[in-house]
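Indexing begins at 1, ligand by ligand and atom by atom, following the structure's order. Counting from 1, the numbers follow the sequence of the chain as shown.
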Amino acid sequence: MRTNQPVCVTGASGFVAAHIVRELLERGYRVRGTVRNAVQAGKYGFLTSLPGAGERLELVGADLLTAGAYDAAVAGCDIVIHTASPYLVNVADPQRDLVDPAVKGTLNVLQSARSAGVRRVVLTSSIAAICDEPVEGKVLTEADWNERSSLERNPYYFSKVSAERAAWKFVDERAAGFDLVAINPFMVVGPSIGPGLNVSNAIFRDLLTGVFPAIMNLAWGFVDVRDVATAHVAAIEHVDATGRYICAGDVLTMKEVIAILRDAGYGAGSKLPRLPLTSPIGDLAIKLLSYTQPRGSGSYLRTHVGKVMRYDNGKIRRDLGVHFRPARESLLAAVADLVRWGHVKPPLQGPSREPPSATASTP
Ligand code: NAP
């Protein structure tokens, strides 16, 4: 579904969206990105300096909670990619801070898209809309829905499943006039175009700086942010794209992530955890400790420790031709990027660092 009209990308300043904007520009599209405050244009230099942005990127302001805020942004667009949604684990008020912006924001965007005669909306959903707590022996597919999250239990997950359900209901009941495609990534990691630190990349900072006291029995399905961007663009270019797409590659345990970082030379000068708490007794200890954590993190630990989520990513590979980079490559790119942006500080060692030359250190 190529288009000569601008493609609207909501939340263009986000970690995932900035890569979607980059990829659209690279492929010759015109892009209209929404940001929360277009007036602070200087704040978005990382977007306006992307190759092609000077000629083909426009930024407009829109807030998810303001009715009609996206009317101007989607006017004249055939395609909308809706990524904007709060990605936060610990919030003061889950309804106000997560669910309202996710659900009301999605409905606002869809309402504007319908009024503007948009042909396709690609929604950035999440594995959180597919499953809350991993179930032993179950391989998740696009037919699965998260039916367990709530305002008290994994509220970020609840915001994502509520927003995706609201989007499908809108399309079913309101003669939307566009088709909807949902992309459901798991843990998105990799290099960041902007200076902000995303919640998913922050896990590596936390591992390297000693926030995790021990190696826990946790596992994540990783997907490179560049592959997630490719998936969104594929979802607009494949006319036959339909329904939901699980978007994630390798599953790695925390122990495996730490081994990759150590192998790459990040052990020296960092506080990577060493103490293994990966036995059933360790799981129990983590569950007890989880009550000392902020509510969102505590709930996540209690529902995920000791379990591995398995999923089938065949649909996105077959239908949209998306390939996933090996998780190791994405992890190391993410960590190198944390160092580059100053999110983790030296004396962290990394892979193949050259010793300083004698002349360089001479005053
Ligand atoms: P992010 O960097 O925090 O991006 C979130 C975007 O949403 C930002 O542009 C943010 O704007 C915008 N936003 C939040 N609240 C808003 C509001 N009230 N009005 C307007 N814009 C608002 O996170 P991300 O990882 O790129 O997430 C992008 C999407 O991917 C989200 O829908 C998220 O749920 C989904 N996702 C992410 C992951 C992951 O691992 N990262 C996995 C699965 C799904 P500001 O920059 O102004 O805050």
Item checked: Test applied, side-chain contact (heavy atoms from CB on, under 4.5 Å); reference residue, W220; option that passes from I127, V189, I203 -> I203
Checklist line | Top protein contact for atom 5 (C) of ligand 1, by heavy-atom distance | finding: S85 O, 3.5 Å
Solution key, residues 178-186 side-chain donor-acceptor pairs under 3.5 Å, sequence neighbours excluded:
{"residue": "D179", "atom": "OD1", "partner": "R120", "partner atom": "NE", "Å": "3.0"}
{"residue": "D179", "atom": "OD2", "partner": "R120", "partner atom": "NH2", "Å": "3.2"}
{"residue": "N184", "atom": "ND2", "partner": "S125", "partner atom": "OG", "Å": "3.4"}
{"residue": "N184", "atom": "ND2", "partner": "S126", "partner atom": "O", "Å": "3.1"}
{"residue": "N184", "atom": "ND2", "partner": "E164", "partner atom": "OE1", "Å": "2.9"}

Next item on the list: Please write down residue, atom name and distance for the protein heavy atom closest to atom 42 (C) of ligand 1.
Entry: F186 O, 2.9 Å
Check: Side-chain contact, heavy-atom cut-off 4.5 Å: L207 with F212?
Finding: yes
Next item on the list: Could you tell me whether F170 and H82 have their ring centroids closer than 6.0 angstrom?
Entry: no
Margin query: Checking the N or O distance criterion of under 3.5 Å, is ligand 1 in contact with V188?
Written below: yes
Note to self: Would S192 and D337 count as a side chain to side chain donor-acceptor pair (under 3.5 Å) here? Give the steps.
What the structure shows: CA-CA 7 Å; S192 176; D337 201 64; 4.6 Å; no
Next item on the list: Answer yes or no: does an N/O atom from G11 fall short of 3.5 Å to an N/O atom of ligand 1?
Entry: yes
Note to self: Under a 4.0 angstrom heavy-atom cut-off, which atoms of ligand 1 come close to F15?
What the structure shows: 2 (O), 26 (O)
Check: Is K160 close to ligand 1, meaning an N/O of one under 3.5 Å from an N/O of the other?
Finding: yes
Note to self: If I apply the N/O under 3.5 Å rule, does V16 come out as touching ligand 1?
What the structure shows: yes
Next item on the list: If the plane angle is over 60° it's perpendicular, under 30° parallel, otherwise tilted; pick one for F15 and H19.
Entry: perpendicular
Next item on the list: List the closest protein heavy-atom neighbour of atom 46 (O) of ligand 1: residue, atom name, distance to the nearest 0.1 Å.
Entry: S13 OG, 2.9 Å
Next item on the list: Report yes or no: does S159 have a heavy atom closer than 4.0 Å to ligand 1?
Entry: no
Note to self: Checking the N or O distance criterion of under 3.5 Å, is ligand 1 in contact with Y70?
What the structure shows: no
Notebook entry, point to check: Within 45° of the ring axis of F46 and under 6.0 Å from its six-membered ring centre, is that where the NZ or CZ of R22 lies?
Noted result: no
Note to self: Give the atom numbers and elements of ligand 1 that come within less than 4.0 Å of a heavy atom of A62.
What the structure shows: 20 (C)
Item checked: atom 10 (C) of ligand 1: nearest protein contact (heavy atom, Å) -> R36 NH2, 4.2 Å
Notebook entry, point to check: Can you tell me which residue and heavy atom of the protein come closest to atom 44 (C) of ligand 1, and the distance to 0.1 Å?
Noted result: S125 O, 3.1 Å
Item checked: Under the ring pair (Phe, Tyr, Trp, His ring centres under 6.0 Å) test, residues paired with Y87 that sit two or more places apart -> Y156
Next item on the list: Check ligand 1 against Y156 and write out every atom of the ligand that is under 4.0 Å from a heavy-atom position of the residue.
Entry: 33 (C), 34 (O), 36 (N), 44 (C)
Checklist line | Shortest protein heavy-atom distance from atom 18 (N) of ligand 1, along with the residue and atom involved | finding: D63 OD1, 3.4 Å
Next item on the list: Could you list the atoms of ligand 1 found under 4.0 angstrom from a heavy atom of T83?
Entry: 28 (C), 29 (C), 31 (C), 32 (O)
Item checked: Contact atoms of ligand 1, heavy-atom distance to N198 under 4.0 Å -> 1 (P), 2 (O), 23 (O), 24 (P), 25 (O), 26 (O), 41 (N)
Note to self: I'd like to check whether L64 has a polar contact with ligand 1, where a contact means an N/O of the residue lying under 3.5 Å from an N/O of the ligand.
What the structure shows: yes
Check: Do H304 and M309 come close enough that some side-chain heavy atom pair is under 4.5 Å?
Finding: yes
Checklist line | Taking atom 43 (C) of ligand 1 as the reference point, the nearest protein heavy atom with its distance | finding: P185 O, 3.4 Å
Checklist line | Given S150, S299, S149, the one that forms side chain to side chain donor-acceptor pair (under 3.5 Å) with D132 | finding: S149
Next item on the list: Can you sort out which atoms of ligand 1 are near T124, meaning under 4.0 Å from one of its heavy atoms?
Entry: 29 (C), 30 (O), 32 (O), 35 (C)
Notebook entry, point to check: Of the options D144, I130, I316, V223, which is the one that meets I246 in a side-chain contact (heavy atoms from CB on, under 4.5 Å)?
Noted result: I130
Notebook entry, point to check: For R310, which of V135, V251, L140 qualifies under side-chain contact (heavy atoms from CB on, under 4.5 Å)?
Noted result: V251
Margin query: Any non-hydrogen side-chain atom of P86 less than 4.5 Å from a side-chain atom of L98?
Written below: yes
Margin query: Just to confirm my output: which protein heavy-atom neighbour is closest to atom 4 (O) of ligand 1, and how far is it?
Written below: G14 CA, 3.5 Å
